[in-house]
Amino acid sequence: MPTSCAIRAVFCPDWPDRRNAIVDRPVRVRFAPSPTGPLHIGGARTALFNWLFARHHGGSFILRIEDTDRRRYKAGSLEQIIEGLRWLGLNWDEGPEVDGPYGPYFQSQRTELYREWANWLVANDKAYRCYCTAERLNAIRKSNPSGYDRHCRYLTPEERAAHEAQGDPFVIRFKMPLEGTTTVFDEIRGNIVVDNATLTDLVLLKSDGFPTYHLANVVDDHFMAITHIMRAEEWIPTAPVHRQLYEAFGWEMPRIAHLPVILNPSGRGKLSKRSAGRLPDGRRVPVLLHEFREAGYLPEALVNFLTNIGWSFGEDREVFSVEETIARFDLSRVNPAGSKFPLEKLDWLNGVYIRQKSADDLLPLLRERLEAAGYTVRDEVLRQAIPLIQPRLHSLNDVVEKAGFFFAETVTPTAEDLIQEQMDAASTRAALEAAYSVLAGLPVFETAAIETALRALAGTLALKPRQLFGVLRVAVTAQAVAPPLFETMAILGRETTLARIAAAQALLVDTPA
RNA sequence: GCCCCAUUCGUCUAGUGGCCCAGGACGUGGCCCUCUCAAGGCCAAAACAGGGGUUCGAGUCCCCUAUGGGGCACCA
């Protein structure tokens, strides 16, 4: 029984509350998104932690689609979620496109099961039909923001019969215990205790016959044999409610852990599309998973980054592979406190991963970005440019500004950029002229030869290296900041290099000194 | 308003009663390297929210306060 041993090793042996000790079953965890829009990075993180937990324990990772809200359903979002998870490398053992023994994995296909168990609760006096109208509910909410007033819980049999006779629509509500306390043991935070009096008679089955999250979640986790629930912190308040549901059903509740929220990097509140704002440098803070992909982040960097928020590898290490993470992942290293989104760190990490990649792996990724920017890419040129730009990239998208000029037909520097410190148009033009003939006369047009010749030329012209090279850099790339000059020229080739130098020279003819 | 959760450098974090006048990383500043910019190397500044306990001893345990966050739908 290696699996149960592993779990026992991870979890403290002396928990205060052991009623729900699920330790002898193989680990089964789930990620349960609802197809209401693109995957949020916080959701991706939740999925990741579940996946890591499953892989660490040799258990199963299940993808379940919680599509019980017909009004919020968005076509295409399921595909987006699936694509996003795959991009991150989070494969599931059961779920959409992967059949398993506990299906179906779409809640919309399991409604009969929920109805059955909701009715079971009613039959056993643990739930009741509520006929309250939306108007009445709204009025209550105004005067009492903390829950339903339980009006229909105390209907007389006659009143109930009257509603039924009229065919009034109803929901099924849970009969929450009115006294006592409920305790939930959170694997990360310890016991969470609440007064039952603060708990509401929540709706289990909506009037359209669909279950609410609470019902569907509990029923599915039970029948799908889920052993551990890992979900975001905003669910903490419902944990005691769910515990009561498990009690009512007489089912063993899975172990549960609430992952810390991700907060906005600047400003306040949890990270959201609306409030994320911008970074100090003006970039928009990415929030949706696909936005990270589009911003040029590598999935392996993102995974590493996400595991550094709310969890730590230990050993003073920040950079580690998924394999290492799986080997080490456990809940005891999860930090319960919410954290701001340290995006600058992702930029650094992404750079680390870009530098670790081989040129062959990087090439198609960079080509894609260059082509998206409108360049026609020649692979031989890009392959040569990669070693030059690799240490200069933080995002895949940076390739456009770092190497776009390699693929441009012509380049258009300005006279102002061309003329270096303590130089004027005349001396700049003279430098270009001299460089042209030196480079034109080189027996071989290679980095070392170019460098030797140009350094000598700087001496001849009594220019500082930074002056001469600055002029040539702008002439050849139209940028003040670019990869190393001599390598750049060699890759560009003699013809292009000379053409660009000549063009720069021509530009200065009309420029007054 | 009510309920719940959290609180170590600017930020992400290590730390599970003595090994901590608190370690790492990003970022920031300085220096080195240098044709620009990176990358790399070296160095530096920078934190236990406050107050009470418990203990021989508290960043680590308890309580209060403050602050931050989350939740209070026929949404998940």
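Proteins get letters first, then strands, A, B, ... in listed order; numbering begins at 1 in each.
- We find that CZ of A:Arg189 is positioned 13 Å from P of B:rG70, with the value rounded to whole Å.
- In this structure, A:Arg333 is not positioned above the aromatic face of A:Phe329 in the sense of NZ or CZ being under 6.0 Å from the six-membered ring centre and within 45° of the axis.
- More than 12 heavy atoms of other residues, nucleotides or ligands shown are found within 6.0 angstrom of CZ on A:Arg494.
- Nucleic acid contact class of A:Lys402 (heavy atoms, under 4.0 Å, all strands): none.
- Each of A:Pro391 and A:Arg333 was assigned the nucleotide of RNA chain B with the nearest heavy atom; the assignment lying further toward the 5' end belongs to A:Arg333.
- At most 12 non-hydrogen atoms from other residues, nucleotides or ligands lie less than 6.0 angstrom from NZ of A:Lys464.
- When only modelled atom types and interatomic distance are considered, A:Tyr114 and A:Asp220 share a side-chain donor-acceptor pair under 3.5 Å.
- Under a 3.5 Å cut-off, the side chain of A:Asn350 and the backbone N or O of A:Gly296 do form a donor-acceptor pair.
- Among the protein residues, A:Ala480 comes within range of the nucleic acid bases, having at least one heavy atom under 4.0 Å from a base atom.
- Mapping A:Asp195 and A:Pro260 onto RNA chain B via the closest heavy atom, the residue that lands nearer the 5' end is A:Asp195.
- OP1 or OP2 of B:rG68 has not a single side-chain nitrogen or oxygen of A:Lys340 nearer than 4.0 Å.
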Distances under 3.5 Å between protein N/O atoms and the N/O atoms of nucleotides 22-28 of chain B, please, pair by pair.
{"from": "B:rG23", "atom 1": "O2'", "to": "A:Asp316", "atom 2": "OD2", "distance (Å)": "3.2"}
{"from": "B:rG24", "atom 1": "O4'", "to": "A:Asp316", "atom 2": "OD2", "distance (Å)": "3.4"}
{"from": "B:rG24", "atom 1": "O2'", "to": "A:Asp316", "atom 2": "O", "distance (Å)": "3.1"}
{"from": "B:rG24", "atom 1": "N2", "to": "A:Glu318", "atom 2": "OE1", "distance (Å)": "3.4"}
{"from": "B:rG24", "atom 1": "N2", "to": "A:Glu318", "atom 2": "OE2", "distance (Å)": "3.2"}
{"from": "B:rG24", "atom 1": "N3", "to": "A:Glu318", "atom 2": "OE2", "distance (Å)": "3.3"}
{"from": "B:rA25", "atom 1": "O4'", "to": "A:Glu318", "atom 2": "OE2", "distance (Å)": "3.1"}
{"from": "B:rA25", "atom 1": "N3", "to": "A:Lys345", "atom 2": "NZ", "distance (Å)": "2.9"}
{"from": "B:rC26", "atom 1": "O2'", "to": "A:Lys345", "atom 2": "N", "distance (Å)": "3.4"}

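- Across all strands, A:Gly470 comes closer than 4.0 Å to no nucleic acid atom at all (heavy-atom distances).
- A donor N or O paired with an acceptor N or O is found under 3.5 Å between the base of B:rC74 and the side-chain atoms of A:Ser207.
- A:Asn191 places its CG atom 14 Å from the P atom of B:rC4, with the value rounded to the nearest Å.
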Report task. Starting from the C-alpha separation in whole Å, work towards a yes-or-no answer on side chain to side chain contact (heavy atoms under 4.5 Å, CB included) for A:Ile236 and A:Arg189. Result -> CA-CA 10 Å; A:Ile236 289 179; A:Arg189 294 151 215 274; 3.8 Å; yes
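- Between B:rU16 and A:Ser332, no contact under 4.0 Å exists linking OP1 or OP2 to a side-chain N or O.
- The side chain of A:Arg71 places no N or O atom within less than 4.0 Å of a non-bridging phosphate oxygen (OP1 or OP2) of B:rC74.
- Atoms NZ (A:Lys206) and C1' (B:rA73) sit 10 Å apart, rounded to a whole Å.
- Residue contacts shown for A:Thr68 are limited to sugar-phosphate atoms, with no base heavy atom under 4.0 Å away.
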